[in-house]
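Right, one structure below, let's go through it.
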Amino acid sequence: MKGRSPFSLLQKSVPAAAALLLFFLLLTVSPPSNSSYHSLFLSLSSNDTAAQHLQALTRRPHVAGTDANSVVAAYILSILSAASIPARIVPYHVLLSYPLHRSLSLLPNVSAPVVSFDLSQEIYPGDPFAEVAAEVLPTFHAYARSGTATGRVVYTNYGRVEDFAKLRAMGVEVAGNVVLARSGLVYRGDIVRNAQIAGAVAAILYVDAKDNGGRTGKWFPEARWLPPSGVEVGSVYRGAGDPTTPGWASVSECERVSVDEVVASGVMPAIPSLPVSPRDGEAILGTIGGQVAPEDWQGGTGAPVYHLGPGPGLLNLTYLGNETVMMIQNLIAVIEGKEEPDRYVLVGNHYDAWTFGAVDPNSGTAAFLEVAQRFAKMQKEGWKPRRTIILCSWDAEEHHLIGSTEWVEDNREMLASRAVAYLNMDYAVSGRGFHASSTPQLDELLKEAAKMVQDPDNSSQTLYESWASTDSPLIRRLGGGGSDYAAFVQHVGVPSVDMRFARDYPVYHSMYDDFLWMQKFGDPLFHRHVAAANILGLVALKLADEEFLPFDYISYANELQKSTKVLENELLGKPVSFAPLQESIEKFRRAASKVDSQRKELESKDLLSKWKKDPLKVRELNDRLMMTERAFTNREGLFGRPWFKHLVYGPSNHNVYLSRAFPSIDDAIEGVEVSKGLGSWKLVQREAWRVARVITQASRVLNGELT
Ligand SMILES: *[C@@H]1O[C@H](CO)[C@@H](O)[C@H](O)[C@H]1NC(C)=O
Ligand SMILES: *[C@@H]1O[C@H](CO)[C@@H](O)[C@H](O)[C@H]1NC(C)=O
Ligand SMILES: *[C@@H]1O[C@H](CO)[C@@H](O)[C@H](O)[C@H]1NC(C)=O
Ligand SMILES: *[C@@H]1O[C@H](CO)[C@@H](O)[C@H](O)[C@H]1NC(C)=O
Ligand SMILES: *[C@@H]1O[C@H](CO)[C@@H](O)[C@H](O)[C@H]1NC(C)=O
């Protein structure tokens with residue numbers, strides 16, 4: 001931060017008009033510095049426009065590939081074009097998935113009549129969206145296998161690998177039966193995958209009362225909880241981007257692999273599955289006998305006792321899906337940089353939604369549009385960013401990160417040579433409490449920015465202070481596949497950030513994720529939307545405008561060290577040495593301090609004599625900072641998952657949502673645990689060497705020295 005301008009005192013307390021006036025006055029005295037523009041950015045915030053955007057974006061359900069979603073795209077384009085930041089449409093032709101037919105019936109036991117579930121989410125009295133409720137897609141799992149399956153029901157807790165292992169240990173038969181799992185702890189595609197591996201013929205997922213406010217008997221619209229008929233829709237695909245174009249862009253006449261090949265590769269399920277409501281899930285649970293389920297598998301206070309089965313309850317399920325190549329539209333808007341137009345700071349949010357998307361993702365879209373409009377106002381006052389800012393509005397994220405992945409694959413080498421950072425905001429708000437994830441060189445920048453933003457829930461403190469008191473401030477890592485940062489970080493190695501207020505929320509991916517829910521429970525005054533726009537925009541501005549990239553690689557070295565310690569403790573007494581890894585991290589740490597002092601030296605030259613600083617030297621140093629993250633990627637990628645190139649951060653093989661440090665070492669350790677053969681420790685050692693080598697490469701890039 002370069003000194004405090006009068007604007008930071010104003011922030012939201014003075015209307016934007018007055019701030020602009022003052023800005024003009026200052027303009028006449030001396031040309032404004034970037035930091036005064038950044039203060040202007042904060043002073044222009046408006047909760048009313050954020051609310052208007054959200055309302056406009058969420059009038060109808062808008063799933064990728066539908067006309068309603070094109071209407072949303074047109075709205076975004078119109079706002080950007082009115083702000084004089086015209087966006088272009090970048091289309092891709094990708095395999096999307098829609099439901100055609102579903103049926104589910106339950107035979108509780110031989111002496112009871114068959115129960116047929118109607119699988120519909122109910123409209124409540126006074127529902128403001130009743131008229132368009134019929135446009136909500138029937139509840140389904142995108143890319144589930146079409147087919148019919150019949151079998152006795154087995155209860156599998158959260159459907160994790162360890163849950164299936166426990167069932168095996170307890171002698172409960174899963175093969176040939178239908179799995180019932182509660183959702184919430186791991187990616188739903190991994191639950192279905194685990195069921196398939198265990199030999200199940202189908203999987204049913206539901207939200208358990210334990211994870212939905214308990215049994216208070218209150219739900220939306222009275223309370224924030226999912227109603228008894230509410231269903232969490234979602235994708236069960238575990239790959240990256242369009243399933244038929246693994247690793248390349250889905251332009252219209254491109255090479256495609258067949259769906260059968262995709263299924264055979266294990267990233268698309270080979271068994272049918274369906275999500276059901278809490279009410280239907282409980283009805284099914286009630287027909288499961290056999291052993292009593294373990295204590296931590298139970299449903300909490302007031303719940304009936306859960307059993308494991310299998311049966312006697314018998315489920316009969318039919319699912320028919322339509323997997324079809326559809327056009328999707330990414331929207332790309334460019335604010336060209338003045339001094340370094342060929343260096344890109346990317347800001348992204350997706351706009352497609354499973355239903356109305358008031359939380360997911362359009363709270364983020366509202367914040368994103370707020371940021372764009374404020375950037376436009378700053379441009380009118382003479383601001384031009386040093387580097388180019390690219391605003392990306394992604395399509396088909398919900399089908400599994402498809403729009404962003406195709407674009408990254410389409411532009412991979414350009415991004416690899418020019419992208420400074422990618423800032424993601426999926427949903428921006430579902431409640432209070434700030435949460436952030438990043439690649440570690442951006443940790444300090446995030447904290448600095450949070451110190452300049454007001455806490456939306458307590459005007460007498462900063463966002464940083466509230467973050468520190470509720471979340472420590474804990475910064476999570478971006479190895480998981482939860483949103484559009486995945487291709488940037490894990491495929492190309494672009495330093496990235498992901499931010500939001502609150503994390504899980506009960507109406508997630510259901511018909512009740514609408515504007516009313518947001519108004520009543522998510523963000524009644526839209527102040528959190530404003531804070532989300534503030535932090536997103538401010539981080540982008542610092543990355544775009546500061547002469548030296550605000551990257552801190554010492555904090556990266558610390559994170560690498562920490563993750564190595566965790567592994568070492570886990571593998572105590574095993575024949576694996578982490579010395580090569582330790583050594584490479586020490587090299588990296590030395591490179592990080594060296595680049596830090598080189599920057600300080602250049603900066604001090606600036607102070608002594610403004611005219612003697614060599615801009616090429618600044619550029620050269622910045623390029624090293626930019627390219628270091630790239631060096632953590634490796635051409636071969638993770639073993640068996642070659643699209644994932646990053647050897648420091650990647651998704652767990654058993655939970656797409658979970659970020660793992662050193663994922664290839666993780667996979668190799670699992671190989672040993674499964675095969676129980678000592679020989680495989682060699683593979684673990686080999687992966688440790690491989691990781692050590694990319695870290696060594698990264699320290700060379702940071703040093704800018706050949707051997
Ligand atoms: C059969 O199922 C019905 C409905 O769930 C239940 O009321 C009845 O007790 C069950 N009968 C047996 C023999 O378990
Ligand atoms: C399962 O349902 C399908 C379609 O509703 C029906 O055709 C089939 O006979 C049922 N199977 C059993 C075993 O009940
Ligand atoms: C699948 O969806 C596409 C696009 O909406 C549609 O044109 C096609 O008719 C659908 N197929 C079936 C079998 O309904
Ligand atoms: C608001 O923040 C101030 C300063 O950190 C703190 O003293 C106060 O307790 C907070 N108020 C609430 C309601 O959290
Ligand atoms: C914006 O904030 C003001 C002040 O807190 C509040 O009165 C107003 O209702 C908010 N606007 C919306 C749309 O919530």
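When a ligand or atom number is given, it counts from 1 through the structure's own listing order.
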Handout entry: Aromatic ring pairing Tyr143/Tyr237, orientation class (parallel under 30°, perpendicular over 60°, tilted between)
Key = tilted

Problem - Numbered atoms of ligand 3 (with element) below 4.0 Å of Met326, judged on heavy atoms - result: 4 (C)

Handout entry: Six-ring centre of Phe501, Arg528 cation under 6.0 angstrom, axis tolerance 45°
Key = no

Exercise for the section: Go through ligand 4 atom by atom and flag the ones less than 4.0 Å from a non-hydrogen atom of Asn458. Expected result: 1 (C), 2 (O), 3 (C), 8 (C), 10 (C), 11 (N), 12 (C), 14 (O)

Problem - Pro108 neighbourhood, listing ligand 1 atoms whose heavy-atom distance to it stays under 4.0 Å - result: 2 (O), 5 (O)

Handout entry: Heavy atom of the protein closest to atom 9 (O) of ligand 3 (residue, atom name, distance)
Key = Asn322 ND2, 4.8 Å

Practice task
Determine, for Arg256 against Asp242, whether the closest basic-nitrogen to carboxylate-oxygen distance falls under 4.0 angstrom.
Solution key: yes

Exercise for the section: Return yes or no for this condition: an N or O of Asn109 is under 3.5 Å from an N or O of ligand 1. Expected result: yes

Problem - Per-atom contacts, ligand 3 versus Leu100 - under 4.0 Å to a heavy atom - result: 13 (C), 14 (O)

Handout entry: Protein non-hydrogen atom found under 4.0 Å from atom 5 (O) of ligand 1
Key = yes

Exercise for the section: Over 60° means perpendicular and under 30° means parallel, so classify the ring planes of Phe140 and Tyr319, tilted if in between. Expected result: parallel

Practice task
Go through ligand 3 atom by atom and flag the ones less than 4.0 Å from a non-hydrogen atom of Thr324.
Solution key: 2 (O), 3 (C)

Exercise for the section: May I ask you to say whether Glu131 pairs ionically with Arg60, meaning some side-chain N is under 4.0 Å from a carboxylate O? Expected result: no

Problem - Closest approach of any protein heavy atom to atom 13 (C) of ligand 1, naming residue and atom - result: Ser111 OG, 4.0 Å

Problem - Test item: His529 and Asn47 side chains (from C-beta on) under 4.5 Å apart, heavy atoms - result: no

Handout entry: Interfacing atoms of ligand 1 (cut-off 4.0 Å, heavy-atom, Ala112)
Key = 1 (C), 2 (O), 3 (C)

Practice task
Please state whether the rings of Trp517 and Phe521 are parallel, tilted or perpendicular, taking 30° and 60° as the class boundaries.
Solution key: tilted

